[in-house]
2 protein chains.
Amino acid sequence: MMASKVRSDVTMADVAAAAGVSRTTVSFVLNKRQAGIPEETRTRVLEAVSTLGYRPNAGARALASQRSDWIGLLTEIVTAPFAVNVIKGAKDRAWADHKYLLIASTDDNVTDAAGLADQTVQIEKLLEQRIEGLLLAATWHRAITVPDVAREVPTVLVNCFDAAGEFPSIVPDEVGGGVVATQRLVAAGHTRIGFITFEDDIPAGQGRLRGYTRALEAAGLPFEPTLVTGGDATALGGYDAANRLLDLAERPTALFCGNDRMAMGAYDAIKERGLSIPGDLAVTGFDNQELVSAYLRPALTTVALPFEEMGAAGVATLTALIQGEEVPSLQTVSCSLLERSSV
Amino acid sequence: MMASKVRSDVTMADVAAAAGVSRTTVSFVLNKRQAGIPEETRTRVLEAVSTLGYRPNAGARALASQRSDWIGLLTEIVTAPFAVNVIKGAKDRAWADHKYLLIASTDDNVTDAAGLADQTVQIEKLLEQRIEGLLLAATWHRAITVPDVAREVPTVLVNCFDAAGEFPSIVPDEVGGGVVATQRLVAAGHTRIGFITFEDDIPAGQGRLRGYTRALEAAGLPFEPTLVTGGDATALGGYDAANRLLDLAERPTALFCGNDRMAMGAYDAIKERGLSIPGDLAVTGFDNQELVSAYLRPALTTVALPFEEMGAAGVATLTALIQGEEVPSLQTVSCSLLERSSV
DNA sequence: CTGTTAGCGCCTTCAG
DNA sequence: CTGAAGGCGCTAACAG
């Protein structure tokens, strides 16, 4: 099997010739730059464009106009696929602004030198394409080290932030998410609510815990340290932590799990004791990793991370930055509750 | 917060001036086109490049050389994130060939008109960047409708195929995967192996079933229709199907589940009966959706779909096609068994 | 081995 | 309202 058709090579000059006008005129009608071009000329040009199958050459346009309309997006997509919605949000918002996304990806959740080097190379490639701005997106909310080259162009951080606070960033409202997850349980009448947190000290853990305590406080419920226990962020970690909570003399009637994977493990612990969800124990998760939460039985009520919105906000912020506007250094996007059947 | 640094604007002429040579010479050392340039000149140029922070302008280069070195990749990544490894494979292979990936994404598993239109627009944008070839990647193995514009440039299909067989395509070896998943169970000594298939008639279902029957045959085991049952491709579908199999008078001692989500449901059905995995029932899945398979308890032995390899094969095939070589119209990439703890 | 000379396809003043 | 002319940054013959 071989390649069939070759790309036509019609240029603007061809269109001009076919329409019997100058290249300037063609450029004007295509870019809607000049107001008063006779309708008749306009349609003649447009017809020539479509019959010849003319397609503007983005590279040439960028060269001449010194504007590429490209925005670069570097993401660690490969390692934590569920964050791809950032791409969707960014892409849609960019298109609406007549900007286009150049997506590059990194292999790793880099903190090490090799990863930084890889990122640098990727960004350089993006820079060679003369992107007007750069979006750096992480798969999980955390502090990152921004490669130096990123400074060559306006840069916005999505789902992450730099320790120095040098770059504008967009992050999820972990605290607010913790509040809604807990409130849902409170609303269902629970007063002894366990919280399974991460043993690692990460922004998600800190924020969600704070949300939990705030919601308790707002509801006039006491905070009991024994109801909070940590584990690693996996199903096994959740299983162990849930068992600890279920072993309590006065065991909780509801569990707020730090993430969906831990909730997956908690389900096992609960079911093993012959307890039912949500009858004996109500459960809420966090992250809405659909592969997990939607297919658990019963389906898990959880809090969705606003990846799509963060992607869109990233582009909007970047666009403003490119135009020299002032932008907030930290934006927080709220997380919403997804009601399913575990409460 | 505002944008800080502006991108420098050093051009090749600047480098030439700084190094005291002509632009041609700079171009030669940068592109390694001319063999015998004095080491001394070379280093002088390279130094100028780095002190000035020169960065080649890809657009200008493409314009002059009529080669963009870009390959377009259109994927439905957003809807089925786990297939992102296609990107990784494609990217790595492309970089090795000094080609770069321009990634675009579609919102939907399109078969409808709106989706096709969206794809068309995306491809056109890619074409304006003068990509030299196009990769169309699907998230699940199936027949797709290729937008007409794709014909303007060499195109290869990844994890999908067109009904007319007009485009070269790369697909997973579902049959082979079905064979290894079944064989693993046979190797563990099982002789009554149930198979949970998809009720929808899709390539994955057909292939995996064929693999199951072949493996049985190769092992000299009888094929019993009652041991094969279908359901929809979700945890619930797997749960129901597993229950049906477990209700059999002479129940199977092993279950090959059509995919990991169904295996997730099967686990529930098994555990509810107080049966243990793999003690009472061994289980294999398919797809290796890590969020599920790695975190199930016990971790699921499953078959991994070769996304990364398919991405790489796609780029390799496309590169050949671009160079006018003959390529096979259908390539099948083998699926490998991932041993965990459920057998 | 290095410099000169043309464009690549498009945009953009500036005249007409 | 439309055309002519120059140039964006780079590559590629072709001389020297």
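Since the model is a prediction, treat every value here as computed from it, not as a measurement. Numbers restart at 1 for each chain; the letters A, B, ... are given by sequence-line order, proteins then strands.
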Task: Length of the CG-P vector between A/L63 and D/dC10, whole Å - done: 9 Å

TODO: Assign A/M12 to base, sugar-phosphate, or nothing according to its heavy-atom contacts below 4.0 angstrom with the strands shown.
DONE: sugar-phosphate

Task: Phosphate contact (C/dG9 OP1 or OP2) by B/Q66 side-chain N/O below 4.0 Å - done: yes

Open item on the list: Looking at B/K125 and B/E128, is there a salt bridge between them, counting it only when a charged N and a carboxylate O are closer than 4.0 Å?
Closed with: yes

Task: Between C1' of C/dC10 and CD of B/Q129, the distance in whole Å - done: 14 Å

- [ ] Determine: side-chain N/O of B/T41 to OP1/OP2 of C/dC1, distance under 4.0 Å, yes or no.
- [x] no

- [ ] Let me know, please, whether A/R67 or A/A60 comes out on the 5' side of the other along DNA chain C by nearest nucleotide.
- [x] A/A60

Open item on the list: Could you report the tightest heavy-atom contact between B/L101 and B/L73, atom names first, then the distance?
Closed with: CD2-CD2, 4.0 Å

- [ ] Identify which nucleotide among D/dG9, D/dA5, D/dT11 has an atom closest to any side-chain atom of A/R23, counting heavy atoms from C-beta outward.
- [x] D/dA5

TODO: Provide, to the nearest angstrom, the distance between the CD atom belonging to A/E128 and the C1' atom belonging to D/dC10.
DONE: 13 Å

- [ ] Take atom CZ of B/R42 and atom C1' of C/dT2, then tell me their distance rounded to the nearest Å.
- [x] 16 Å

TODO: Answer yes or no: is there an ion pair linking B/R44 with B/E47, defined by an N-O contact shorter than 4.0 Å?
DONE: no

Open item on the list: Whole angstroms only, please: what is the CZ-P distance between B/F28 and C/dT4?
Closed with: 14 Å

TODO: Verify the contact: side-chain N or O of A/S27 to OP1 or OP2 of C/dC11, cut-off strictly under 4.0 Å; return yes or no.
DONE: yes

Open item on the list: At 4.0 Å (heavy atoms only), tell me whether A/T24 reaches a base, stays on the sugar-phosphate, or touches nothing.
Closed with: base

- [ ] Look at B/T25 and C/dT2 and indicate whether a side-chain polar atom (N or O) is within less than 4.0 Å of OP1 or OP2.
- [x] no

Open item on the list: If I take atom CG in residue A/D69 and atom C1' in nucleotide C/dC10, what distance separates them, rounded to the nearest angstrom?
Closed with: 14 Å

TODO: Please state how far atom CG in A/D14 lies from atom C1' in C/dG9, giving the value in whole angstrom units.
DONE: 10 Å

Task: Below 4.0 Å: OP1/OP2 of C/dC11 and any side-chain N or O of A/S65 - done: no

Task: Nucleotide nearest B/A64 when distance is taken to its side chain, options D/dT11, C/dC10, D/dT2 - done: D/dT11

Open item on the list: Has B/E132 got a side-chain atom pairing as donor or acceptor with B/D69's backbone, closer than 3.5 angstrom?
Closed with: yes

TODO: Say whether A/T25 and A/S22, considering side chains only, have a donor N or O and an acceptor N or O under 3.5 Å apart.
DONE: yes

TODO: Indicate whether OP1 or OP2 belonging to C/dC11 is found under 4.0 Å from a side-chain N or O atom of A/N31.
DONE: yes

Task: Value in whole Å for how far the C1' atom of C/dC11 lies from CG of A/L30 - done: 12 Å

